[in-house]
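Reading through the structure tokens given below for one structure.
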Amino acid sequence: MGGRTMQSVAQHSSVKMIGLCDVDAATLDAAGKEFADARRFADFREMLSKLGDEIDGVTIGTPDHMHTIQAVTALRAKKHVYLQKPLTHHVSEVRALKREAAAAGTTTQMGTQGHSGIEARMTVELIRSGAIGKVK
């Protein structure tokens with residue numbers, strides 16, 4: 001999902017990909033071919049430290065167990081965060097992200113592509129219109 005998210009975000013006209021991070025060198029090299037001007041890192045902490053104010057936001061599409069630490073680190077660096085699901089593994093981690101985002105004054109979003117498609121919106125409209133009767 002990290003690669004798909006990266007490609008989707010990069011399509012926006014105001015986005016410039018300046019840093020790429022992955023512990024898998026082959027994946028990082030493949031992304032680097034697509035975004036040749038972006039600097040490459042194997043450690044997200046090093047990327048945030050070295051690129052600092054050049055970064056406005058990050059997308060996180062890593063294995064689930066890394067989500068919280070990477071998001072908290074980015075939020076403490078005052079970066080906006082787009083995080084794939086599951087957001088975290090525990091409610092306490094969600095609360096920590098909420099506190100960090102509020103303290104940093106940043107925006108966060110969780111990837112829920114399936115819920116933003118036309119099919120989901122049409123389903124909601126049909127249910128609200130009463131097409132299947134009253135939902136309890």
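Keep in mind it's a predicted model, so treat the numbers as computed, not measured. We're numbering straight along the sequence, starting at 1.
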- Query: About how many Å separate CG of Leu83 and OG1 of Thr108, when rounded to the nearest 0.5 Å?
  - Reply: 8.5 Å
- Minimum-distance pair of heavy atoms, taken over all atoms of Leu28 and Phe41: CD2-O, 3.5 Å
- Message: For Leu48 versus Ile55, what's the shortest heavy-atom pair and its separation?
- Response: CD2-CD1, 4.2 Å
- Message: For His89 and Asp64: C-alpha separation, side-chain torsions, deciding distance, then whether side chain to side chain contact (heavy atoms under 4.5 Å, CB included) applies.
- Response: CA-CA 8 Å; His89 280 246; Asp64 302 352; 3.1 Å; yes
- Query: So, the side chain of Lys79 versus the backbone of Ala71: is there a donor-acceptor pair under 3.5 Å, distance only?
  - Reply: no
- Item | Nearest atoms (heavy-atom pairs only) where Met17 meets Phe35 | CB-CD2, 3.8 Å
- Message: So Val94 and Lys98, do their side chains get closer than 4.5 Å, heavy atoms only?
- Response: no
- Message: Run Val58 and Gln70 through side chain to side chain contact (heavy atoms under 4.5 Å, CB included) and show every step you take.
- Response: CA-CA 10 Å; Val58 299; Gln70 291 173 340; over 6 Å; no
- Query: Hey, quick one: are Val81 and Leu97 part of the same hydrophobic cluster, counting side-chain heavy atoms closer than 4.5 Å, chains of contacts allowed?
  - Reply: yes
- What is the distance from atom CE of Met110 to atom CG of Leu87, rounded to the nearest 0.5 Å? 6.0 Å
- Heavy atoms of Thr106 and Lys78 approach each other most closely as CG2-C, 3.7 Å
- Side chain proximity check, Val9 to Tyr82, heavy atoms < 4.5 angstrom: no
- Item | Polar side-chain atom of Ser129 near backbone of Leu126 as donor-acceptor pair, under 3.5 Å | yes
- Query: Between His67 and Gln84, which heavy-atom pair has the shortest distance, and what is it?
  - Reply: CE1-O, 3.2 Å
- Item | Gap separating the CD atom of Glu125 from the CZ atom of Arg128, nearest 0.5 angstrom | 8.5 Å
- Task: Drop me the distance from Thr123's OG1 to Ile132's CD1, to the nearest 0.5 angstrom.
- Result: 9.5 Å
- Task: Run the salt-bridge test on Asp22 and Arg40 with the 4.0 Å N-O cut-off and return the result as yes or no.
- Result: no
- Would you say the side-chain atoms of Thr88 and His90 include a donor-acceptor pair closer than 3.5 Å? no
- Rounded to the nearest 0.5 Å, the OG1 atom of Thr73 sits from the CE atom of Met47 at a distance of 10.5 Å
- Spacing of CG belonging to Asp56 relative to NZ belonging to Lys16, to within rounding of 0.5 Å: 12.0 Å
- Smallest separation among heavy atoms of Phe44 and Cys21, with atom names: N-SG, 3.3 Å
- Item | Residue pair Val72, Arg76: steps toward the side chain to side chain contact (heavy atoms under 4.5 Å, CB included) verdict | CA-CA 6 Å; Val72 166; Arg76 287 183 178 170; 3.6 Å; yes
- Message: Other residues, nucleotides and ligands only: do more than 12 of their heavy atoms fall within 6.0 Å of CG on Asp37?
- Response: no
